[in-house]
Structure formats: C-alpha cells, structure tokens
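Report on the following structure.
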Amino acid sequence: MTKGVHLTVAQDRLPLSNAVVMRGPDRDKRMMFAIPRGSFTYLGTTDTDFEGDPDTATADREDVEYILAATNALFPGATLTFADVVSTWVGLRPLVRPPGHANPSAVSRDYEIFHSPSGLVSIGGGKLTAFRAMAEHVVDDLFPGSRGARERAASRAALPGAEGPLPTAADWNRLASNTNTRPERLREWLALYGSQLPQVVSLLPVEAGDEPGLAWHRAMTRYAVEHEMAQRLEDVYRRRTGLMLFSQDNGRAWVQPLAQEMAELLGWSPQRTAEEVRRTEAAIAAMLAFREDTRTPEVSRAPVAAQQQKSAAM
Ligand SMILES: Cc1cc2nc3c(=O)[nH]c(=O)nc-3n(C[C@H](O)[C@H](O)[C@H](O)COP(=O)(O)OP(=O)(O)OC[C@H]3O[C@@H](n4cnc5c(N)ncnc54)[C@H](O)[C@@H]3O)c2cc1C
C-alpha cells in the first residue's frame with residue numbers, strides 16, 4: 001500500500017478559481033494538485049510506502065511539510081505554514097504488486113482480477129475514474145456470453161445527483177431566502193448533492209431556532225442516515241457531509257446536536273451516543289496531531305528531501 005495525504009487551507013489563504021497542477025518539491029517533481037472547494041482549497045497528495053494497520057494511518061509532520069513546500073514553491077506569496085492547515089486526510093492505495101517488485105509506490109495503478117478456488121471473483125488496484133470499466137470487466141469475466149454488450153444501461157446511467165434538472169435561478173433565490181442561507185453556501189450544497197438537493201431541503205427542521213448552518217447539517221445528517229445508510233457520526237462528519245474537513249472548526253461545535261440527531265434516528269443509547277461523540281472528537285484531534293510532532297523543526301518553505309516520494313500522484 002502507499003499512503004496519500006491531502007490537506008485543506010482556507011480559500012482566502014490560497015484563492016483559486018480552478019484546479020492547478022503543481023510539481024512536488026522532490027527530485028522526481030511528482031504531479032500534485034491544488035483544488036478549490038467552496039470556502040477552502042485542498043492540496044495533495046503525497047505518495048509514500050505504508051505498512052502497518054490502516055486504521056492508524058494519519059498525516060505526519062513530513063507529509064504536511066512536503067505538501068506545503070510544493071505549494072509555497074508554486075505560490076511564493078502564499079507562505080503557508082502549519083497554522084493555515086484546517087484539516088488533513090489520508091488514503092491508502094491498495095496496489096497490486098507483481099512478484100519480486102520491491103516498492104509499492106513504484107507499482108502501476110492498473111487493476112487485476114483474481115479468481116479464488118471457491119469461485120469468488122475479486123478485483124484489486126484501479127482508480128475511481130476507471131470504476132465503470134472495472135465493473136464491466138468483472139461482468140465480462142463472470143458472464144463471458146455478455147462480452148461486447150457495451151450498451152449495458154448501468155454503464156451509461158447518470159450517477160446519483162446527476163439525473164434530473166438542477167434548480168433554476170428562481171428556485172435558487174426562493175431557497176436562499178426561505179432557508180436564510182447565503183447563495184455561496186447553497187452552491188456548496190448543490191455541488192455535493194446535485195439534483196438530490198431538494199431531498200435534503202425537505203429534511204430541514206421545521207422549527208426555526210438553530211443557526212442556518214446547523215439546520216442544514218441536521219438535514220444533511222438525516223439524509224446520510226435515511227438515504228445513504230450512514231451508521232456512524234464520524235463517517236457523516238468525514239465522508240458524507242465533509243464537515244470535519246471543510247469547516248473552520250471541523251464541526252466541533254455541532255458534535256453534540258448532530259450526534260443527538262443520529263441517536264434519535266438510529267435508536268442509540270446514551271452510552272452509544274457518547275461513544276460516537278468521543279470517536280469523532282478523537283478523529284478530529286488525530287488529523288491535526290502532526291502539529292504536536294516536534295521531532296523535526298517546521299521547514300515548510302524549504303524543499304523536503306527526507307520523504308521518499310516516488311511515483312506520479314493520483
Ligand atoms: C490518496 C489517493 C488518491 C487517489 N487519487 C485518485 C485520483 O486522482 N483519480 C482516481 O481515479 N482515483 C484516485 N484514487 C483511487 C480511488 O480513491 C479509489 O479507486 C476509489 O475510492 C475506490 O472506490 P471504492 O468505492 O471501491 O472504495 P472506497 O472509496 O475505498 O470506499 C470503500 C468504503 O467502504 C468503507 N468500508 C470498508 N470496510 C467496511 C466495513 N466492513 N463496513 C463498513 N464500511 C466499510 C470504507 O471506509 C470506505 O469508505 C486515489 C486513492 C488514494 C488513496
């Protein structure tokens with residue numbers, strides 16, 4: 001496996017209107033990206049070999065320094081430091097290593113199909129952008145008779161949120177005023193939910209009382225539970241709504257009310273609710289723990305030689 005770290009800074013610290021390709025600060029000049037998302041810009045990724053328990057993978061000080069060094073080299077005026085980092089996240093790439101191949105990070109990002117004696121078919125490696133081709137390949141493998149039937153509906157269907165019409169300008173203005181929401185915030189939710197946004201709107205609390213941001217997050221949490229099968233508060237925070245990664249306080253102020261929202265929907269006991277809160281707060285602390293790692297001084301504006309970044313980003 002190889003580890004890939006991204007980090008987020010506030011949009012006003014690195015204002016971009018489009019995604020930008022950057023080069024890594026190491027000798028190989030790996031390809032990296034700076035991508036605007038709502039009020040934030042996210043940067044990444046690293047690519048280092050990883051062995052160990054996947055649950056323990058976090059962004060290290062070196063990872064953050066590496067990304068900041070690449071960014072500051074391309075945008076010298078930004079002078080980003082650790083203090084600018086709002087959030088980090090880590091992904092592990094499960095790469096298919098050919099026998100005798102030493103370094104996971106030097107391995108191709110292609111995919112491979114495996115057959116078990118029991119008949120189980122597994123697929124490993126690959127990329128998100130190739131998921132339909134990978135799925136077709138598995139179906140071809142399982143049902144060779146259907147090979148070549150390229151017009152399979154599922155391969156061409158719109159993704160959830162991409163079907164149906166998007167709100168018109170009139171819908172948009174009405175929604176912003178009825179929900180007391182800033183238009184740029186609505187744009188963020190539209191980018192997240194697409195044509196499913198009206199379903200989220202229908203879940204907004206009826207009684208006024210909450211500030212608009214919390215009301216929206218109650219609705220988004222309900223949507224995650226009722227339509228996306230979310231079972232854990234940390235999952236909602238991290239993956240479903242992105243509150244943990246794309247908000248200045250990482251959603252700390254709303255952990256209790258959103259845990260309560262899930263508790264009511266999923267019938268959690270007070271103990272389970274407290275455990276969900278604890279896990280979520282621990283996850284928020286873990287993603288920023290690199291700041292407390294004092295093994296090496298912060299050198300975010302200098303090229304990082306220590307980290308062995310080897311292959312092209314993906
Ligand atoms: C750092 C990094 C950068 C990448 N960049 C790119 C890129 O630029 N372009 C590209 O095309 N691809 C990229 N990829 C690859 C892409 O992310 C994956 O191919 C894609 O996410 C695979 O989708 P998936 O749904 O199969 O699995 P995942 O996205 O991994 O989703 C699986 C989900 O299941 C959950 N899960 C696992 N076990 C359980 C369980 N027992 N119970 C409940 N839930 C469980 C996991 O937590 C996870 O949320 C990148 C990957 C990494 C790590």
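As the structure lists them, so they are numbered: ligands from 1, and atoms in each ligand from 1.
- Leu128 and Met32 fall into different hydrophobic clusters, where Ile, Leu, Val, Met, Phe, Trp and Tyr are joined by side-chain heavy atoms under 4.5 Å apart, directly or via other members.
- Close N/O approach between Thr129 and ligand 1 is found [any backbone or side-chain N/O within under 3.5 Å].
- Screening Asp63, Thr46, Thr45 for a side-chain hydrogen bond (donor to acceptor under 3.5 Å, both in side chains) involving Lys3 leaves a single residue, Asp63.
- Contacts between Arg239 and ligand 1, counted as non-hydrogen atom pairs separated by less than 4.0 Å, involve the side chain only.
- For atom 10 (C) of ligand 1, the candidate residues are Asp235, Ile123, Leu128, Val5; the nearest heavy-atom contact is made by Leu128.
- Within ligand 1, counting atoms from 1 as listed, the ones closer than 4.0 Å to a heavy atom of Leu92 are 53 (C).
- No side-chain N or O of Tyr193 forms a donor-acceptor pair with one of Gln199 less than 3.5 Å apart.
- If you number the atoms of ligand 1 from 1 as listed, the ones under 4.0 Å from a heavy atom of Gly91 come out as 53 (C).
- His6 and Phe33 have their aromatic ring centers separated by at least 6.0 angstrom.
- Note that CG of Leu243 is 7.0 Å distant from CG of Asp249, once rounded to the nearest 0.5 Å.
- Residue contact check: Gly4 has heavy atoms under 4.0 Å from atoms 1 (C) of ligand 1.
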